[in-house]
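Working notes, beginning with the structure itself.
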Number of protein chains: 2
Amino acid sequence: MTERKREILASSQSVLKEKGYAATSVRDIAKALEMEPASLYSHFKNKEDILKITCFDMADKFELAVREVNDIYFNAEEKLRLAIKLHVEILTQNLDSAIIFIRDWRNLTGTALEQFLTKRNAYEKGFREIVQTGIDEGVFNETDKKFAALTILSSVNWIVEWYKVDGKLNAEQIADKLSNFILSGLKKEMI
Amino acid sequence: MTERKREILASSQSVLKEKGYAATSVRDIAKALEMEPASLYSHFKNKEDILKITCFDMADKFELAVREVNDIYFNAEEKLRLAIKLHVEILTQNLDSAIIFIRDWRNLTGTALEQFLTKRNAYEKGFREIVQTGIDEGVFNETDKKFAALTILSSVNWIVEWYKVDGKLNAEQIADKLSNFILSGLKKEMI
DNA sequence: CTTGCAAACTAACGTTCGTTAGGCAAATAT
DNA sequence: ATATTTGCCTAACGAACGTTAGTTTGCAAG
């Protein structure tokens, strides 16, 4: 990926995050770059290509992060805290892409959609494994793993709806708050 | 609203929820109804009208529910459990509309968008008040109310992503699970 | 100086989009 | 029985869509 392509991608993502993939035209994207719509096709195969690259880049980042966490030998609480921290960091450091990843993946078609779902599923499985670890260790309440993992991910992903880069909370603080919120619900009370 | 209009609206929502508002054409909607695109305009002002009605109907339902909860004198835990239960019921009983409400409201324009956001804000405020009640009563941990309310709502809204009408969990069971998950995180430990 | 290449351009293609105008038939109201 | 309304139709509009073909520009390597 050339420097210029990365530049164009970043601008495209900034435009796409505003109105969503389907409601944004190639002409909108070109306009923000002060170039002709046709010029974009020197860099990208087509419009969906931009979406594909964005979604898969994000999916790769998340997949890598959760695999890393599961490879390291921590206890479950540490694992979950780390997973949430890495997730929040990826979200906040790539906010435009993250918004597109979360909202617009449905516009992928054909095999791209299938592959995306496979990747996303692997990621969710990673979270479920963390929850399972906690149950095995006896520190998390027995619970529907899938339900718990999805609930956790939904809370975490939702931050893109309100996170502002210059807000008063940084990624680590958000991750801490969220982890506390989630964990004290999941953790078995040790009386 | 005539019977026929309601019928067309329901079918439209069923189509819209699949690919999203922006990616769905008026022709797609008409096709599902086995009628001509132009005929839709006997019932709706334009395409956005369908989105508007859908989003505002849902917003009204939610707003009514949370106001009801806040009017009734319950303790905070009961209030939150009831609010979540009502919310889940509204979601699951209007799944098509709910999906559109959650995913596609951004496609509203002008004053409709403003009014929608005002309504949604009132709803979130209702949730925040419940959290506040709990803090006042000393049964919820002191916490950023806005943060807590948004996190709760995100978990609850996310169920539209995996809820299946014929699944093994009904609305009440989902609400119970979610409430337990959320509440034991929010509740102060009484040792 | 020439060649090669990357990145942009102009022009336009065929398609699909949301929407309107006007008419026709059946149901309903007077 | 007649008038009105409702619900749909056919036809078509202009605009916007994603994309392609072919060309020009500017820079870097030979």
Side-chain angles (χ1 to χ4, degrees), chain A residues 1-56 96 100 103-113 116, chain B residues 1-56 96 100 103-113 116:
Chain A
M1 178 125 58
T2 66
E3 188 60 36
R4 180 57 178 153
K5 182 165 179 178
R6 217 181 299 276
E7 201 176 311
I8 291 176
L9 189 58
S11 170
S12 303
Q13 290 162 343
S14 168
V15 176
L16 284 172
K17 69 143 196 278
E18 296 293 341
K19 302 198 301 173
Y21 175 79
T24 304
S25 71
V26 172
R27 284 166 176 83
D28 290 335
I29 295 171
K31 192 168 214 172
L33 285 154
E34 292 179 296
M35 68 196 306
E36 295 303 315
S39 307
L40 288 168
Y41 290 80
S42 299
H43 300 275
F44 299 96
K45 215 167 98 276
N46 50 37
K47 189 189 173 191
E48 188 175 349
D49 201 22
I50 298 177
L51 178 63
K52 218 182 313 186
I53 293 172
T54 305
C55 289
F56 279 73
D96 293 348
I100 297 165
R103 292 185 193 156
D104 288 330
W105 62 266
R106 271 170 250 270
N107 292 288
L108 292 170
T109 60
T111 58
L113 179 58
F116 176 83
Chain B
M1 177 126 57
T2 67
E3 188 61 35
R4 180 60 178 150
K5 182 165 179 178
R6 218 180 298 275
E7 201 176 309
I8 291 175
L9 189 59
S11 170
S12 303
Q13 290 162 343
S14 168
V15 176
L16 284 172
K17 70 145 194 277
E18 297 292 342
K19 302 198 300 174
Y21 175 80
T24 303
S25 70
V26 172
R27 283 166 178 84
D28 291 335
I29 294 171
K31 192 167 213 172
L33 284 155
E34 294 178 294
M35 68 196 308
E36 296 303 316
S39 306
L40 289 168
Y41 290 80
S42 299
H43 300 275
F44 300 95
K45 213 167 98 276
N46 51 35
K47 188 189 173 192
E48 188 174 350
D49 201 22
I50 299 176
L51 178 63
K52 219 182 313 187
I53 293 172
T54 303
C55 289
F56 279 72
D96 292 349
I100 297 165
R103 292 185 191 156
D104 288 329
W105 62 266
R106 271 169 250 270
N107 291 289
L108 291 170
T109 61
T111 59
L113 180 57
F116 175 84

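Only this structure's heavy atoms are used, side chains among them; waters, hydrogens and symmetry mates stay out. Quick note on labels: first sequence line is chain A, next is B, and so on, each numbered from 1.
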Hey, are the side chains of [X] and [Y] touching, using non-hydrogen atoms and a 4.5 Å cut-off?
| X | Y | answer |
| --- | --- | --- |
| A:Y21 | A:I50 | no |
| A:E18 | A:D28 | no |
| B:D104 | B:T54 | no |

Within the 4.0 Å limit for protein heavy atoms, which parts of nucleotides 13-23 of chain D are touched? Write it as a string from 5' to 3', B for base, S for sugar-phosphate only, - for none. ----BBBBB--

What's the [atom1]-[atom2] distance between [X] and [N], to the nearest Å?
| X | N | atom1 | atom2 | value |
| --- | --- | --- | --- | --- |
| B:E7 | D:dG7 | CD | C1' | 12 Å |
| B:L40 | D:dT6 | CG | P | 18 Å |
| A:E34 | C:dC9 | CD | C1' | 15 Å |
| B:I50 | C:dC17 | CD1 | C1' | 15 Å |
| B:K19 | C:dT16 | NZ | C1' | 12 Å |
| A:M35 | C:dA8 | CE | P | 4 Å |
| A:E36 | C:dC9 | CD | C1' | 7 Å |
| A:R4 | D:dC27 | CZ | P | 14 Å |

Look at atom NZ of B:K5 and say whether more than 12 heavy atoms of other residues, nucleotides or ligands are closer to it than 6.0 Å. yes

Given the ring of A:F116, does A:K52 sit roughly above its face, with NZ or CZ under 6.0 Å from the centre of the six-membered ring and within 45° of the axis? no

Distance-only, no hydrogens or angles: does the B:R103 side chain make a donor-acceptor pair with backbone N or O of B:G20 under 3.5 Å?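 No: the side chain of B:R103 does not pair with the backbone of B:G20.
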
Phosphate-side-chain proximity, A:H43 and C:dA6, N/O vs OP1/OP2 below 4.0 Å: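 Indeed not, no polar side-chain atom of A:H43 lies that close.
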
Considering only heavy atoms and no angle criterion, is a donor-acceptor pair shorter than 3.5 Å present between the side chain of A:S42 and the base of C:dA8?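 Yes.
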
